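First up is the structure itself, then whatever we jot down about it.
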Amino acid sequence: MPEIVTLTVNPAIDIATSVERITDTHKMRCAPARIDPGGGGINVARVVQRLGGDCLALYLAGGPVAQRLARLLAAEGLPFTALQIEGETRENFSVTESSTHREFRFVMPGPSVSKSEWQRCLDCLDALQPAPRYLVLSGSLPPGVPEDFYARIIDMAKARGTRVVLDTSGPPLRAALPHGPYLIKPSFNELRQLTGQALELDAHCIEAALEIVRRGHAQVVALTLGAGGALLVTQEEVVRSGAVATSILSTIGAGDSFVGAMVWALNRNAGMLEAFRYGMAAAAAALSHAGTELGSAAEIAQCYREVSLSQAVVAHG
Ligand SMILES: Nc1ncnc2c1ncn2[C@@H]1O[C@H](COP(=O)(O)OP(=O)(O)OP(=O)(O)O)[C@@H](O)[C@H]1O
Ligand SMILES: [Mg+2]
């Protein structure tokens, strides 16, 4: 069993295309579609694999899209376990307006998942032998899955000595935090929603992340700030990284790439700062690709050399 397992409760197939200009009413003739496997945990697993790591992608899926998803993953040689559900897996859609380079992302809610289906997922996680070193819980919860689903998984995983990396938002994030995931990767908006604060200044972001660490709700907060780079906050350090300069074709998959590379590095026993650098590098590498296409190992290595870290100033008192 791989040491890294990712869970995607709400996977997707991502369809990306472009059109000169987005308008209403009239037909928009699009460029040929690019099709990628999608959903947070699946993207994370793909990045780990590209970096040469061993990773299992566990996900729930149903209907014809599920079959296509399995074919796409098999073509990439990614180890996966698909738990079948009754509902039909979603397709997400993104369109780049080529005249303005704006990207429009349409995200579907996903199918309803029944109690016996999500219960089976819990059983499957608990039966992984040996227990993974890292379990990545990434993405939204589809209708029917209780808000405390990730919270329950964290309790089970911690009891087995697994470190949980959590990348989600809204109520599932709020419910999971007191259960103590090892690492969380909120984006700026996700942290704002979580705290209910405007977080206008860098110092406010740092204080909010430190509060999470001080309460023991997570040992590591990797707060990604889009074009503003990212902050790494632990008991020991508060470090900032600017975004790596790169041409941006699509921001899809940047956050997932960040998580994938960081977990890959941590599992190789890299130091926290080195892992953070890898996260920044993989995010930058993903930006230079259209749709959900992710960066290659060579591109990530190239970006790694361009990441610069600095100690962030922490206001005391
Ligand atoms: N517009 C951008 N310019 C430069 N770097 C970016 C940009 N958008 C994203 N990045 C890089 O990707 C990382 C992750 O992006 P972001 O903070 O948007 O998280 P996300 O998880 O993709 O967002 P969300 O989950 O809210 O959609 C950033 O820390 C940054 O390094
Ligand atoms: Mg994200």
Side-chain angles (χ1 to χ4, degrees), residues 6-12 14 16 36 38-47 92 94 96 100-107 136-141 150 165-170 172-173 176 181 183-195 199 202 205-206 208-209 220-233 239-263 273 275-295 299-300 302-310 312:
T6 71
L7 175 67
T8 317
V9 206
N10 201 8
D14 287 347
D36 285 290
I42 286 178
N43 285 335
V44 169
R46 291 169 73 212
V47 173
N92 290 333
S94 69
T96 301
T100 61
H101 303 293
R102 290 189 303 168
E103 190 175 45
F104 296 81
R105 296 169 66 174
F106 302 88
V107 177
V136 181
L137 309 176
S138 175
S140 59
L141 296 178
Y150 286 148
V165 173
L166 178 67
D167 181 6
T168 191
S169 58
L173 173 60
L183 183 155
I184 61 168
K185 192 222 76 64
S187 62
F188 178 63
N189 280 335
E190 288 163 354
L191 188 67
R192 280 218 307 199
Q193 199 188 3
L194 180 71
T195 59
L199 305 179
D202 226 39
C205 291
I206 293 173
V220 184
V221 178
L223 170 64
T224 58
L225 302 163
L231 281 164
L232 178 78
V233 178
V239 175
R240 170 172 253 305
S241 170
V244 177
T246 180
S247 57
I248 301 175
L249 276 187
S250 166
T251 57
I252 301 178
D256 301 334
S257 296
F258 183 101
V259 173
M262 204 166 169
V263 172
L273 293 187
F276 181 51
R277 286 179 95 105
Y278 269 110
M280 290 304 295
L287 297 178
S288 58
H289 291 278
T292 310
E293 192 180 358
L294 305 167
E299 288 165 338
I300 294 171
Q302 169 68 37
C303 292
Y304 182 84
R305 289 191 277 276
E306 291 164 35
V307 180
S308 67
L309 305 183
S310 57

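We're numbering straight along the sequence, starting at 1. First listed ligand is number 1; within each ligand, the first listed atom is number 1. Given the structure is predicted, the values throughout are model-derived calculations rather than measurements.
- Of all protein heavy atoms, the one lying nearest to atom 27 (O) of ligand 1 is R105 NH1, 4.7 Å.
- With hydrogens and angles ignored, the 3.5 Å screen pairs no side-chain donor or acceptor of S257 with any backbone N or O of A283.
- Considering each of G226, A230, C303, the one bringing a non-hydrogen atom nearest atom 28 (C) of ligand 1 is G226.
- Summary of contacts: the protein heavy atom closest to atom 20 (P) of ligand 1 is G255 CA, 3.8 Å.
- Put simply, the side chain of T246 never gets that close to the backbone of S288: no donor and acceptor are under 3.5 Å apart.
- Nearest to atom 13 (C) of ligand 1 among the protein's heavy atoms is A283 CB, 3.7 Å.
- With a heavy-atom cut-off of 4.0 Å, N189 does not touch ligand 1 at all.
- By the 3.5 Å distance cut-off applied to N or O atoms, D167 is not counted among the residues near ligand 1.
- Side-chain N or O atoms of R277 include one that pairs as donor or acceptor with a backbone N or O of V307 at under 3.5 Å.
- Under a 3.5 Å cut-off, the side chain of Q302 and the backbone N or O of E299 do not form any donor-acceptor pair.
- Given atom 5 (N) of ligand 1, the protein heavy atom at minimum distance is L287 CD1, 3.4 Å.
- Each of I248, T251, L249 was checked for a side-chain contact (heavy atoms from CB on, under 4.5 Å) with E103, and the lone residue meeting it is T251.
- Annotation: atom 31 (O) of ligand 1 to nearest protein heavy atom, M280 CE, 3.2 Å.
- In the model, D36 has no side-chain atom that pairs as donor or acceptor with a side-chain atom of T292 under 3.5 Å.
- Close approach to A243 involves these atoms of ligand 1, each under 4.0 Å from a residue heavy atom: 4 (C), 5 (N).
- Near A254, meaning under 4.0 Å from any of its heavy atoms, are these atoms of ligand 1: 12 (O).
- A side-chain contact (heavy atoms from CB on, under 4.5 Å) with L191 is found for one member of I184, L223, V221 and no other, namely L223.
- For ligand 1 and E190, the ligand atoms under 4.0 Å from any heavy atom of the residue are 25 (O), 26 (O).
- Counting only distance, with no hydrogens or angles, the side chain of T100 and the backbone of R102 share a donor-acceptor pair below 3.5 Å.
- Note that atom 8 (N) of ligand 1 has protein non-hydrogen atoms nearby, at separations under 4.0 angstrom.
- Any N or O atom pair closer than 3.5 Å counts here, and K185 shares at least one such pair with ligand 1.
- Polar contact check, G229 against ligand 1: a nitrogen or oxygen pair lies under 3.5 Å apart.
- Around atom 2 (C) of ligand 1, the closest heavy atom drawn from D256, L225, I248 belongs to I248.
- Using a 4.0 Å cut-off between a side-chain N of Lys or Arg and a carboxylate O of Asp or Glu, R46 and D256 do not qualify as a salt bridge.
- With hydrogens and angles disregarded, a donor-acceptor distance shorter than 3.5 Å links the side chain of S250 to the backbone of I252.
- In terms of protein heavy atoms, atom 19 (O) of ligand 1 is closest to T224 OG1, 3.2 Å.
- Residue contacts with ligand 1: S187 is placed with a nitrogen or oxygen under 3.5 Å of a nitrogen or oxygen of the ligand (distance criterion only).
- Judged by distance alone, the side chain of S94 and the main-chain N or O of R105 form no donor-acceptor pair under 3.5 Å.
- For A227, heavy-atom contacts with ligand 1 shorter than 4.0 Å involve the backbone as well as the side chain.
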